[in-house]
Number of protein chains: 2
Amino acid sequence: MESGRHRPRAGYELPLLLFAGFRTLIDGVHAELARQGHPDARPAHGFALQAIGPDGAAASDIARRLGISKQAAGKTVDRLVALGYAERSDDPADARRRLVRLTARGRDVLARSAAIFDTLRADWAAVLGEERLRALEDDLRAVTVPGAFRLDAAGWIGGTS
Amino acid sequence: MESGRHRPRAGYELPLLLFAGFRTLIDGVHAELARQGHPDARPAHGFALQAIGPDGAAASDIARRLGISKQAAGKTVDRLVALGYAERSDDPADARRRLVRLTARGRDVLARSAAIFDTLRADWAAVLGEERLRALEDDLRAVTVPGAFRLDAAGWIGGTS
DNA sequence: TCAGATGGTAAACCAGGTTGACCTTTCTGG
DNA sequence: CCAGAAAGGTCAACCTGGTTTACCATCTGA
């Protein structure tokens, strides 16, 4: 593999670059969402709304999908409800469960996010070329375990500032 | 650029892949650090220790380098001191400043982190090939602004669990 | 039928951020 | 030279997104 032809690269740069890329996309999406009528949407909300899904879910389902405790999921749902992105209703089939469903506004922010992510990806493709961007995606898939999407313990990425 | 030859890819996957890569590296480094005698090191500590640097720094310097408030930097320094990674001393040249310096243990964790990041990068290179990993790094540099390393508002990456 | 699994909530806590207010010390310009 | 601005630091209150422990209500199956 012909190593040694170039100056070796420091390993600590890799996480910084990955994070910078992630952060660039996330910040971009939220800047645009704010412009499109969703100034209060935060990164964590998107993940949670995604975890709820079109058919709704119980708080404990959300907790499992996100890899966090059910209490944390419950608090997040509280915030989504307060922001008008989700609503809670009783489950007629199981009196313990409280079904969380997306509101129209919740579906709206999700649809807009998806569209914005597509245009941001297109921006990257315009710089790198589609082939190279695909290679980047494929390579990342190759070195990560699929379960690395867990969201525990994180305030994440700005948003307040 | 011959697009259209493949199925289009959803834009929302890109941030997930970047994050998964970042998280894989960070988790890997901290798992290994824990094995090497640093079980209490957390991702935020590494960034802060890096910001202190070999010559020491004032809290407000750290704040500027990390893109956070000086109060937040002060609290982080408190934790580094409590963990034995840093120490505070008065600056004889300026009675307002309190110079923060790395302890031997702080230098140790930093050196170990760098070594572990190098081996993790080598693992990736073994899977992807050095050329392709370089391409990935170069591409990320091309699509991110250098300032995207800011660390504000984040509990980051697990570590508790 | 009843013991255990499951769903949900409450309370206390933590880490890592934020603002605002304030004091001390240094720098600077009239 | 000295007054006021700028810079360093800390305190206090607060926010968000997590955690653990404890507990109650409901469902399920041997």
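Residue numbering restarts at 1 for every chain, and letters A, B, ... go by the order of the sequence lines. All of these numbers come straight from a predicted model, not from anything done at the bench.
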Look at [X] and [N] and indicate whether a side-chain polar atom (N or O) is within less than 4.0 Å of OP1 or OP2.
| X | N | value |
| --- | --- | --- |
| B:Arg64 | D:dG8 | yes |
| A:Arg97 | C:dG8 | no |
| A:Ser60 | C:dG8 | yes |
| A:Arg42 | C:dG17 | no |
| A:Thr76 | D:dG18 | yes |

(request) Assign B:Ala59 to base, sugar-phosphate, or nothing according to its heavy-atom contacts below 4.0 angstrom with the strands shown. (result)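 Counting heavy atoms under 4.0 Å across all strands, the contact made by B:Ala59 is with sugar-phosphate only.
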Rounding to an integer number of Å, can you tell me how far [X] [atom1] sits from [N] [atom2]?
| X | N | atom1 | atom2 | value |
| --- | --- | --- | --- | --- |
| A:Ile62 | C:dT6 | CD1 | P | 18 Å |
| B:Asp91 | C:dT26 | CG | P | 9 Å |
| A:Arg98 | C:dA10 | CZ | P | 10 Å |
| A:Ile68 | D:dT16 | CD1 | P | 15 Å |
| A:Lys70 | C:dT6 | NZ | P | 10 Å |
| B:Asp40 | C:dA15 | CG | P | 10 Å |
| B:Arg65 | D:dG8 | CZ | P | 12 Å |
| A:Asp78 | C:dA11 | CG | P | 13 Å |

Which nucleotide in the set [options] lies at the smallest distance from any side-chain heavy atom of [X]?
| X | options | answer |
| --- | --- | --- |
| A:Ala95 | C:dT25, D:dG17, D:dT26 | D:dT26 |
| B:Ala58 | D:dG9, C:dG17, D:dT19 | D:dG9 |
| B:Gln71 | C:dG16, C:dT9, D:dT10 | D:dT10 |
| B:Ser69 | C:dT18, D:dT19, D:dT10 | C:dT18 |
| A:Arg79 | C:dG17, D:dT19, D:dG17 | D:dG17 |
| A:Asp94 | D:dG8, D:dT26, C:dG16 | D:dT26 |

Can a salt bridge be assigned to the pair [X] and [Y] using a cut-off of 4.0 Å between side-chain N and carboxylate O?
| X | Y | value |
| --- | --- | --- |
| B:Asp61 | B:Arg97 | yes |
| A:Arg134 | A:Asp138 | no |
| B:Glu87 | B:Arg98 | no |

(request) Using only heavy-atom distances, decide whether a donor-acceptor pair under 3.5 angstrom links the side-chain of A:Arg96 to the base of D:dA25. (result)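 Flag unset: no donor-acceptor pair detected.
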(message) Tell me whether B:Phe19 shares a hydrophobic cluster with A:Val143, the cluster being built from Ile, Leu, Val, Met, Phe, Trp, Tyr side chains joined at under 4.5 Å.
(response)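 Yes, B:Phe19 and A:Val143 fall within the same hydrophobic cluster.
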(message) Assuming nearest nucleotide by heavy-atom distance, tell me which of A:Pro92 and A:His45 is located more 5' along DNA chain D.
(response)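 The residue closer to the strand's 5' end, by nearest nucleotide, is A:His45.
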(message) When you compare the side chains of A:Ser89 and A:Arg101, does any donor N or O come within less than 3.5 Å of an acceptor on the partner?
(response) yes
(request) Ignoring hydrogens and angles, state whether a donor on the side chain of A:Asp40 or A:His45 is under 3.5 Å from an acceptor on the partner side chain. (result) no
